[in-house]
Amino acid sequence: MKRWLWQQRIWIGLLLAWLALALAALGVGDTAYRVDLPHLLAGPDANSWLGYDQLGRPVWERLLLGAQTSLQVALAVVLFSAVLGTTIGLLAGYYGGWLDRVLTGVIDVFLAFPGLLLAIGLAAVLGPGVENVIIALVVVGWVSYARLARAQTLSLRSREHVLAARALGAGTPRILLRHVVPLLLAPLGVEATFGIAGAVISEAGLSFLGLGIQPPQDSWGSMIREGTRYLLVAPHLVIAPGLALMAVVLAANRLGDAWRDYLDIKTRSGP
Amino acid sequence: MAQQDDTQSILKVERLAVSLPDGTPILKGIDFELRRGEVFALVGESGSGKSMTALAIMRLLPEGLRYDRGCIYLQDTELLSLPEAAMQRIRGRRIAMIFQEPMSALNPVMTIGEQIGEALKLHLGLRGRKQRERVIQLLQEVGIPEPETRLDWYPHQLSGGQRQRVMIAMALACEPDVLIADEPTTALDVTIQAQILDLLKSLQRKRGLAVLFITHDMGVVAEIADRVAVMYHGEIVEQADTRHFLIDPEHPYTQQLLKNALPLRALKPAPKNQSLLEAKGIKVWFQQGGGWFSRKKRITRAVDGVDLTIRPGETLALVGESGSGKSTLGMALLRLNELTEGQILFDEQVDLATLNERALRPWRRHIQVIFQDPFAAFNPRMTVGESIREGMITLKVGPQDKASQRERVAELLQKVGLQPEHMDRYPHEFSGGQRQRLGIARALAVEPRLIICDEPTSALDVTVRAQIIDLLNTLQEEQGVSYLFITHDLSILPRIAHRVAVMQQGKIVEEGRVEQILRVPQHPYTQQLLEAAPKLVRTAVSDLW
């Protein structure tokens, strides 16, 4: 495990950097919002090493605030969708019967929708804002956790250690919480890592379309949107948030991949 | 190959040593030779290195393992110094191999005809009609009925025994000089095992084949082998003619191995003449197919009207082949699967079949279970102490504070032959036999009066198997607990059972005292089962009474 973590140091490092940016944003004061016309679209200088935007605001500070937004959204989306999805999948898989049939039906309906399109529709209906972005992405996101949890629970349900616990009179909540959920955590963790990448990119997408985070609040997506208008004169407005976005999504996806491979080898050669 | 001198060696292994990358030796310099037209058995328990020897000969060692020294001669060719391309021509063409699990060794998306044909095309260049004719001939030779039509079947359409026959046909397709058979009958039922052994013997005789037969089963050795080598921790500890070997083994390990493999009679205390559990008309039917709209449903009658009685302090062995419904019956008595019909009278007073889960809970402590697979039977995320303690908490057995519960866990661990300090370890830190002991400790924790043992010894080596059976017998003597012992292994019956019930296709076809069933079986199916048992076991059984 230690060696594995060391092998993933680049990706873990990038994600930690993201976290650090978001925390650093707490220290950003009013300067991030102050309109400063002399510095309009100016390049980097001693005060702002990433330059200034179309209103003369420092890009570096806005990038920090954007990191905070994306982290907030990603954590909330992954947490809520994982809890909701896992609970539904767990119940469907464990109880089976008509409950399973109804829930699988619902899952299938959600899977049949193109995810981002549904989120766009929902965001349009709910209106812009961080909370609504989170709601829209949770509505789309819980399905994959539910499907995974259901499949895993189905196979764990008839595993002998669960039968032994039932023979020992353990009630359903105890069986689910102590004998099934702990064995689900690893695959769900992999799914959640991918979920982080998905949420970050979806939030940026919605904000880019103007359906997500609204000014003056900052998001990497809306920064890219505003920057595109000045692409030829001030490319740094797009490049900075673009690279940040790419780094975070890449890191989360690579980490998810590596984790999945790690678990796979483990399951092949026994615990 | 023309008839040659019988004693000519065809495969010779000299000082073969193989080790892990970290230097741990797997094979510690083994020597043996395989002669033309003989069956040479390599016997040992799991981890002794017998399968590794086979893979080493084929130059198919798992990644990371390396040859330290030694030579392998196939007639005059030294295999270890051969380039890979030349080795590929030897595999399949001159040395063929068959495995334990034919389903995973066959390609599920190719018909069996195509698969055998592929070998013929690759090594002999046979194509088209000639190839097809040869395939049919081979299938006929290994006893597949209607080979002209079965040729186009897929592996999943065949039974386990037939799949193994197809594997043998594939192995023999190119008329190899040497056949390596790695536990070819271990996954099969006894009756099928007997058929496959007969087939291998007759083919070997007809073709003058040299067979390297790898097995852990002494009964099978006695049945098929001309000479035997016993492996232990990567070394060959004894090598002899089979006949001499069975009568007068020299090495102490071999003596112990043989003793454990043979049926042994245990002096069992007589049970009281009353009923602890009485099952009447148990039926477990499963519905298969039938979704939302389809009306077609298939019903599988896994258990179809079973009556049985278990007395206090008694072991009732439930015997049958795979698919006979014996495990399903065990789970039904535990109320771990849905009962279609029937009564389960416990203590002559309460019918467990009518109770719901809540009402059943107080009775759960009286009936416990031990499973076959000691790897799946424990929650990998809980320490074994927590697992054993679980029943004391959920069923409120014994003291309810943590300290005294841990004390009880320590006592239980000692009782089943483990150490108290094992309590805080996780299941993967234990061996198979140790985990089976843990399973027994977990069941005992709630002081049950009946334990349903679902093939608890099938996954274990003979030495460990003997220890577990002795442990179960001791516990029965001390605590008067009853067992329903589900097994397919006839050789352990005299050692474990008071009475035996034989199950076939969901029904109990014969029931009686153990000596009665083993010596004068009445039902044709019981007779067939006993006939199929290796001769070594049969003679030993008849010597017991």
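As the structure is a prediction and not an experimental result, all values here were calculated from the model.
Top candidate by heavy-atom pairs under 4.5 Å with chain A, chosen from B:R364, B:R442, B:R335, is B:R364. With chain B as the partner, the residue from A:L156, A:V162, A:L168 showing the most heavy-atom pairs under 4.5 Å is A:L168.
Heavy-atom neighbours of A:F194 CZ from other residues, nucleotides or ligands within 6.0 Å: above the threshold of 12. The number of heavy-atom neighbours closer than 6.0 Å to CZ of A:R254, taken from other residues, nucleotides and ligands shown, is 12 or below. Counting non-hydrogen atoms of neighbouring residues, nucleotides and ligands closer than 6.0 angstrom, the CZ atom of B:R358 reaches no more than 12 such neighbours. Under a cut-off of 6.0 angstrom, the local environment of CD in B:Q400 is crowded, with over 12 non-hydrogen atoms contributed by other residues, nucleotides or ligands.
Here the straight-line distance linking atom CZ of A:R166 with atom OG1 of B:T394 works out to 13.5 Å at 0.5 Å rounding. To the nearest 0.5 Å, atom CD of residue A:E160 and atom CZ of residue B:F378 are 11.0 Å apart.
Nearest heavy atoms, A:R159 versus B:A376: NH2-O, 3.3 Å.
Looking at B:E390 and A:H179, their side chains come closer than 4.5 Å, going by heavy atoms from C-beta outward.
In this structure, no portion of B:M392 lies under 4.5 Å from any heavy atom of chain A. Contacts of B:R361 with chain A are made by side-chain atoms alone, with heavy-atom separations under 4.5 Å and no backbone atom involved. Residue A:R178 touches chain B through both its backbone and its side chain, counting heavy-atom pairs closer than 4.5 Å.
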Does A:L163 form a side-chain contact (heavy atoms from CB on, under 4.5 Å) with B:V369? I'd like the steps, not just the answer. CA-CA 9 Å; A:L163 291 180; B:V369 59; over 6 Å; no

